[in-house]
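Everything below concerns the one structure shown next.
Any value given below was found using the heavy atoms of this structure, including those in side chains, with hydrogens, waters and symmetry copies removed.
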Amino acid sequence: MILDRVSETGTSLRNRPLDGRLRKTHCGARGPTDCQTVCNIVETLSFSPFLFYNIKASDILSNMTITATNYAVKKGLPKKTQSICPECGKILEANIFAKDGKVYMEKTCPEHGYFSDVYWADVDLYLKAEKYAYDGVGVHNAMDRTIGDDPDDTVHIVIDGQRIDMLSCSAIANLDLTNRCNMNCPICFANANDAGYVYEPSYEQVHDMLVALRSEKPIKCTAVQFAGGEPTVYPRFVDVVRDAKELGFAQVQVATNGIKFAKDYEFLKASKEAGLNTIYLQFDGLTDDVYLRSRGRKMMHIKMGVIENCRKLKEDGLKSPSIVLVPVVGMGMNDDIIGDIIKFAFENSDVIRGVNFQPIAFTGRVTNEEVASGRFTLPDLVRCVEEQTGYATKDDWYPVPVVAPISKFASIILGQTKVTFTTHPHCGIATYLFQDDKGNVVPFPRFVDVGRFSAGLNEIADKAENSRFKKMYVAKLVKLLNSCVDESKMPEGLTKMKFVNLIKDVMSDKSKDTLAAFSWKMMLVAGMHFQDSYNYDIERVRRCGVHYISPDLRVFPFCAYNSGPEFRKEIEAKFSVPLDEWRKTHAAEAKELAEALIVPKDEQAD
């Protein structure tokens, strides 16, 4: 019933030059100050969990580049959209409306009847999120092997005969290395043992998929997350991490249960040395009873093992990958420990940099009553954080596209198309929290007027787009920033200048040293709610920024790959081999995996 992390396989392109490789150029500035000011602010103020630019003053150009446009969807309530029938998958007209302080979606299939679901559990937050909505400029993938000689390389999907063009760039791309796993979770459907086949692209195929992502236009993908199955069981995991780095990915991440990193320090070390930046650690709770329900075994000691091994890397003089905890949250499952998970993250903030909550999505046959009782939305997350910690109120949360004007401005000033988060405003939500050594917490938006800064910067970007004198808009940006930051409300000891440097360093290897010197901890808390067939909104699919790439080099939005039309089924059927056949040709790996699936006695229920 729960949509959990799930899995992908073409000729080698290793000897082909990377299309449009990044170039460094110089600007005509009299000195580095103006240029670097732009770079610092761009790096500083974007608090999206996926913004990882490496901008230098020497990158500034004079040409114009636009990466975000006005939002084309009607704002406000009520409104109509397109959804799908949970039973037959046909496109239906759906109504989105307010009722009793919540936002609902309702739709009727001529064959399967009426469906109703809570879309967002707070009307005010829903309307606030829409204020910061932008549309992207699309994504083009000339390396898609299924388009042949067709000059139209616009990334798109087809649902029920209707073509849907993707508007947002690949802010982050998921690349499934395998559907094999060293666990057998009761809530997971991405498991070779259950599926009866093995999906595992070769190293050469993975390389081609990475090249395709780096060749996307007009905005190249800069962040890749290896997923699965369990990606760390992939036989050449370290090699594909290294390959991703060599191809220019600024962020290389892995979504993992943590078993291999906890039990094999040398494997973690090799992964980090190859270029692994971030560990997205499956993290359902703080006690083994939660894991016994969700994963069928005790797992808390594994999670602590990953944390301790990351600390050991630091002791050995290496940088640790950043850990982001990823709890799958369900109403009545673990929604009562959301605050405790955030507090745990702060307690281990030397290696944990964020918590990204993912509300469950319903798959398979469920009743309307089951959906109604189990639905947990992003506003529910906001409510739980406030009730369980007191750290933040709903005024402290913003949708992902609030940062789009930063990238839009940077692209115009720097003359390079930077990753721009034009994700649908109701896909994700986030805030940053600062905590002092006494446990006092101050949310980022308490001393930065995020809304005014975002709107003001968008206006500046629009004016700069058609201007020949772009440097004058750098000064306007600095003036806007100064007017939006209230130094009197900053955490004790923090100034505007220290704040700029602090956030800038958070995006670099200096971050932990900077935070330690300041004696404050900083934590990203975010939520990303992937869709299911009951709350499916095609406008969200169109604006998805989390994409999958397949071995035939096609690109899919997350919520069409794993839910709705579920293109995963088509891709895995095309690029997999029967499990028994795979076992015959991979005897050693099959034996190792079979042994890993045997739950040790100390991890079994008492």
Item to complete: Measure from NZ or CZ of K107 to the centre of the six-membered ring of Y536 and say whether it is under 6.0 Å with the direction within 45° of the ring axis.
Response: no

Fill in: Nearest atoms (heavy-atom pairs only) where L325 meets I341
CD1-CG2, 4.2 Å

Worksheet item: Is it true that a side-chain atom of D288 and a backbone atom of M299 form a donor plus acceptor pair closer than 3.5 Å?
Response: yes

Practice prompt. Check whether any side-chain N or O of T81 sits under 3.5 Å from a backbone N or O of A94 as a donor-acceptor pair, and report yes or no.
Written response: no

Worksheet item: Taking atom types as modelled and ignoring hydrogens, do the side chains of E106 and Y114 form a donor-acceptor contact shorter than 3.5 angstrom?
Response: yes

Discussion item. Can you see whether S563 engages D532 through a side-chain donor-acceptor pair at a distance of less than 3.5 angstrom?
Written reply: no

Fill in: N562-Y548 side chain donor-acceptor pair, cut-off 3.5 Å
yes

Item to complete: Classify the side-chain pair T146/D552 by whether it contains a donor and acceptor separated by less than 3.5 Å.
Response: no

Fill in: Over 12 non-hydrogen atoms of neighbours within 6.0 angstrom of CG in N70
no

Worksheet item: Distance only, no hydrogens: is a donor on one side chain within 3.5 Å (strictly under) of an acceptor on the other, for T422 and S168?
Response: yes

Item to complete: Can you measure from SG (C544) to NE2 (H424) and round to the nearest 0.5 angstrom?
Response: 11.5 Å

Worksheet item: Would Q251 and T222 count as having a side-chain donor-acceptor pair, cut-off 3.5 Å?
Response: no

Worksheet item: Can any side-chain N or O of R145 pair as donor or acceptor with the backbone N or O of R554 at less than 3.5 Å?
Response: no

Practice prompt. Applying salt bridge (Lys or Arg N to Asp or Glu O under 4.0 Å), run through K394 and D122 and close with a yes or a no.
Written response: CA-CA 10 Å; K394 66 181 183 181; D122 188 293; 3.2 Å; yes

Practice prompt. Measure from the side-chain N and O atoms of S576 to the backbone N and O of E572, and report whether any donor-acceptor pair falls under 3.5 Å.
Written response: yes

Worksheet item: Nearest heavy-atom pair of V326 and D284: which atoms, and what distance?
Response: O-OD1, 4.5 Å

Practice prompt. Could you label the plane-to-plane angle of the W582 and H586 rings as parallel, tilted or perpendicular, counting under 30° as parallel and over 60° as perpendicular?
Written response: parallel

Worksheet entry | Whether D117 side chain and Y119 backbone form a donor-acceptor pair below 3.5 Å | no

Discussion item. Quick check with a 6.0 Å cut-off and a 45 degree axis cone: is R214 positioned over the face of F249's six-membered ring?
Written reply: yes

Worksheet item: Any idea which heavy atoms bring Y197 and N179 closest together, and the distance?
Response: O-ND2, 3.1 Å

Discussion item. So does G229 get a backbone contact from the side chain of T178, meaning a donor-acceptor N/O pair under 3.5 Å?
Written reply: no

Discussion item. Any side-chain to backbone donor/acceptor pair from D396 onto T393? Under 3.5 Å, distance only.
Written reply: yes

Worksheet item: If you count the non-hydrogen atoms of other residues, nucleotides and ligands that lie under 6.0 Å from NZ in K569, is the total more than 12?
Response: no

Item to complete: Classify the ring geometry between Y126 and H426 as parallel (under 30°), tilted (30 to 60°) or perpendicular (over 60°).
Response: parallel

Practice prompt. Taking the side chain as every heavy atom from C-beta outward, state whether F226 and V240 have any atom pair closer than 4.5 Å.
Written response: yes

Worksheet item: Where do P231 and V254 come nearest, in terms of heavy atoms and distance?
Response: CG-CG2, 3.5 Å

Discussion item. Would you say NZ of K75 has more than 12 non-hydrogen atoms from neighbouring residues, nucleotides or ligands within 6.0 angstrom?
Written reply: yes

Item to complete: Report the C-alpha separation of E539 and R542 in whole Å, then their side-chain angles, then the decisive distance to 0.1 Å, and conclude whether the salt bridge (Lys or Arg N to Asp or Glu O under 4.0 Å) test is met.
Response: CA-CA 5 Å; E539 295 301 337; R542 201 185 308 274; 3.3 Å; yes

Discussion item. Checking Y234 against E200: is there a side-chain donor and acceptor pair closer than 3.5 Å?
Written reply: no

Discussion item. Using a 3.5 Å distance criterion without hydrogens, assess whether the side chain of Q531 forms a donor-acceptor pair with backbone atoms of D537.
Written reply: yes

Discussion item. Closer than 3.5 angstrom, by distance alone: can the side chain of K298 be matched with the main-chain N or O of I302 as a donor-acceptor pair?
Written reply: no

Item to complete: State, yes or no, whether a side-chain contact exists between S411 and I66 at a heavy-atom distance under 4.5 Å.
Response: no

Practice prompt. Report yes or no: does H156 contribute a side-chain atom to a donor-acceptor pair with the main-chain N or O of T154 at less than 3.5 Å?
Written response: yes

Worksheet item: Do NZ/NE/NH1/NH2 and the carboxylate oxygens of K408 and D462 come within less than 4.0 Å?
Response: yes

Worksheet item: Do you see a donor-acceptor pair shorter than 3.5 Å between the side chains of E230 and N257?
Response: yes

